[in-house]
Structures are given as structure tokens and as C-alpha cells.
Amino acid sequence: MRYKRVENADVLVKESPYYVENPESHKNNWSTVFKNHHPIYIELGMGRGDFIIHMAESYPQINFIGIEMFLSQMVYATQKLEKMHLSNLKLIHLDAKDLASVFGKEVDTIYLTFCDPWPKKQDEKRRFTHENFLRIYDRVFKKDKRIVLKTDNKGFFQYSLESLSQYWYVFERVSLDLHHDEHPIDNIMTDYEQRYFVEGRPIYYLDARFKN
Ligand SMILES: C[S@@+](CC[C@H](N)C(=O)[O-])C[C@H]1O[C@@H](n2cnc3c(N)ncnc32)[C@H](O)[C@@H]1O
């Protein structure tokens, strides 16, 4: 997918107090960064950041880290945060495949929100729920594993259900139409989700766990 390039995005992002420079230097030490031992929830491919920002506002007892590989996307998140004071949120510029260089076993939940579905078979390994990624997540989960996924892409959702079950995850919750489910969950919308919701597209949702 192509995203609009923002002039000086690197400068703008790096001057934000939420941006963490050299995140690798904090591996195994994120509790020091947050100055507490609260659980750590991360979002891979946070894009413009609406979801992680509102999660951090809504759940102050949880530390959130938004991960994004394009600075031109991150810059929107740092702009939204300009007048906010959230001590439980940090942003990292990183390719998700390098997650284990930044975290030891310290993550409690991983959010995969509207990640690129990579529909072509030749791109299967790029999907965030491919077994190779699930192995990377194993290296950063504290103990029990939890992956929460939202997507509008049926094919990617089916693939993820299969891939996670084959990896012995158990589904705490699955919805084929999150916004019209008879048992609503406490949901905060992402930027993409807001657009799809307006268009009336169904959102697929899963909350998968593995207890060690
Ligand atoms: C379709 S957008 C979804 C953004 C946001 N999660 C939302 O729901 O509004 C996917 C985002 O994932 C980012 N992304 C794609 N591959 C990535 C990777 N390997 N590591 C980190 N971010 C990635 C893209 O730059 C983009 O911002």
C-alpha cells in the first residue's frame, strides 16, 4: 500500500515527547521507560494512531506502544498528541519483523489492526499472522500470549483464524460483524475502521489467547 509522503516527517516525529529514539536500548527495560510495572500492549502498524491514543486515554493502568514503519504516517499521531499528556504511551519507528530487537519477554497483548492483507500467495510471509510472525511474537510475549485482530478483509481474516489455530491459539472471542454483534465488545475504532464503519462494511474481529 502507498501512503502520502509528508515533508520533514522525520524531524516532526523525532521532536515529539512520545517518540522513543533507539528503542533497542530499552530491550528488557520498558518498565523503566514507563516508570512502572504495568502491562504492556503494543499495536503493529498503528498508522495515524487514533486507536492507540484513545486506548491510552481510556486505560491509564496499561502502558501502550504504537509501532509504525512509515514516519509519514506517524507524524499524524504526533500531531494529535501535541496538546495531550499521556504518561502511558510511547511511539516507535520500527518494522514489525524487528520486534524482538526491541522487546525481551515483556509484552502482554499485541493488536493487529487493519494490517495489510497481502492477498497474493507469493506475499504470504508478509502477513502479520504468518507463522514466521507468530514465532517473532513468541519471543516478546511475557508469558501468556494474546493477539487481538481487526480487519475488513475476509480472506485475511480466514487465513488468520487458520494460522492462529494451527499455532494452538484459542479464540476467546470471534465476531464476523463487530459493529452489529448481539454481544458488543468495548471497542475503540482505528482510523481505517472509522472510514469502513461509515461505508457500512463489516469488521471482522478476533481475540486469541495461548496460556503457558
Ligand atoms: C492499512 S494501515 C492501518 C493503520 C491503522 N492500524 C488503522 O487501522 O487505521 C497499515 C499500517 O501498517 C503499517 N505497516 C505495514 N507494514 C508494517 C511493518 N512491517 N511494520 C510496521 N508497520 C507496518 C503501514 O505503514 C500502515 O500505516
Side-chain angles (χ1 to χ4, degrees), residues 1-6 9-10 12-14 16 18-24 40-58 64-81 89-103 107 109-120 122-137 139-140 147-157 159-160 163 175 178-179 185 187-199 201-207:
M1 216 175 289
R2 283 179 179 272
Y3 301 100
K4 206 173 103 193
R5 207 179 154 275
V6 176
D10 55 338
L12 296 170
V13 168
K14 287 173 187 177
S16 166
Y18 292 90
Y19 173 75
V20 180
E21 189 111 42
N22 299 323
E24 295 82 4
I40 294 179
Y41 289 15
I42 66 175
E43 183 187 14
L44 301 187
M46 65 150 188
R48 297 179 174 209
D50 251 20
F51 174 73
I52 200 98
I53 293 171
H54 289 132
M55 288 294 282
E57 277 187 305
S58 307
F64 291 91
I65 302 176
I67 293 169
E68 173 54 52
M69 104 177 163
F70 287 115
L71 287 164
S72 289
Q73 287 288 90
M74 285 180 87
V75 79
Y76 295 100
T78 56
Q79 282 167 352
K80 285 173 196 164
L81 284 161
L89 176 63
K90 297 290 172 202
L91 307 179
I92 297 180
H93 178 221
L94 185 80
D95 188 322
K97 70 175 168 44
D98 299 324
L99 211 55
S101 65
V102 165
F103 297 101
V107 173
T109 293
I110 297 180
Y111 287 99
L112 306 177
T113 50
F114 300 85
C115 41
D116 300 333
W118 297 108
K120 290 185 185 154
Q122 73 216 43
D123 291 324
E124 187 186 344
K125 287 188 178 167
R126 293 169 183 251
R127 297 177 196 157
F128 278 1
T129 47
H130 184 274
E131 189 184 348
N132 290 355
F133 270 103
L134 300 184
R135 285 213 189 94
I136 293 172
Y137 307 155
R139 294 171 63 191
V140 306
I147 294 176
V148 178
L149 179 148
K150 296 198 270 187
T151 182
D152 62 312
N153 189 297
K154 191 175 178 180
F156 174 64
F157 189 68
Y159 173 87
S160 301
S163 180
S175 175
L178 181 62
H179 295 282
I185 64 147
N187 183 47
I188 287 177
M189 288 205 248
T190 77
D191 298 83
Y192 270 70
E193 187 174 359
Q194 289 165 39
R195 279 189 240 165
Y196 296 148
F197 176 70
V198 171
E199 290 170 14
R201 284 160 70 164
I203 303 302
Y204 303 93
Y205 171 91
L206 67 80
D207 180 340

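Values below: every heavy atom of this structure, side chains too, minus hydrogens, waters and symmetry copies. Counting convention: from 1, in listed order, for ligands and their atoms alike.
One option in D152, D95, L44 has a heavy atom closer to atom 19 (N) of ligand 1 than any other, and that option is D95. Among E43, M189, E68, E193, the residue whose heavy atom lies nearest to atom 27 (O) of ligand 1 is E68. Of all the listed residues (F133, F128, F114, F70), F128 holds the heavy atom that lies closest to atom 17 (C) of ligand 1.
Every atom of ligand 1 with a heavy atom of D116 under 4.0 Å away is listed here by number and element: 1 (C), 10 (C), 15 (C). Set against the non-hydrogen atoms of L94, the atoms of ligand 1 under 4.0 Å away are 20 (N), 21 (C). Each of the atoms 4 (C), 27 (O) of ligand 1 lies under 4.0 Å from some heavy atom of G47. Within ligand 1, the atoms closer than 4.0 Å to a non-hydrogen atom of M69 are 16 (N), 17 (C), 18 (C), 19 (N), 20 (N), 21 (C), 22 (N), numbered from 1 in the order shown. Atom numbering of ligand 1 starts at 1 in the shown order; those under 4.0 Å from a heavy atom of M46 are 5 (C), 6 (N). Of all atoms in ligand 1, listed by their number and element, those nearer than 4.0 Å to a heavy atom of T190 are 7 (C), 8 (O), 9 (O).
Using cut-offs of 30° and 60° on the angle between ring planes, the pair Y41 and F64 is perpendicular.
For ligand 1, the polar-atom distance check against G45 finds a nitrogen or oxygen pair separated by under 3.5 Å. Ligand 1 has an N or O atom lying under 3.5 Å from an N or O atom of T113, backbone or side chain.
Of the options Y137, F128, F51, a ring pair (Phe, Tyr, Trp, His ring centres under 6.0 Å) to Y111 is made by F51 and by none of the others.
In the model, T129 has a side-chain atom that pairs as donor or acceptor with a side-chain atom of S160 under 3.5 Å.
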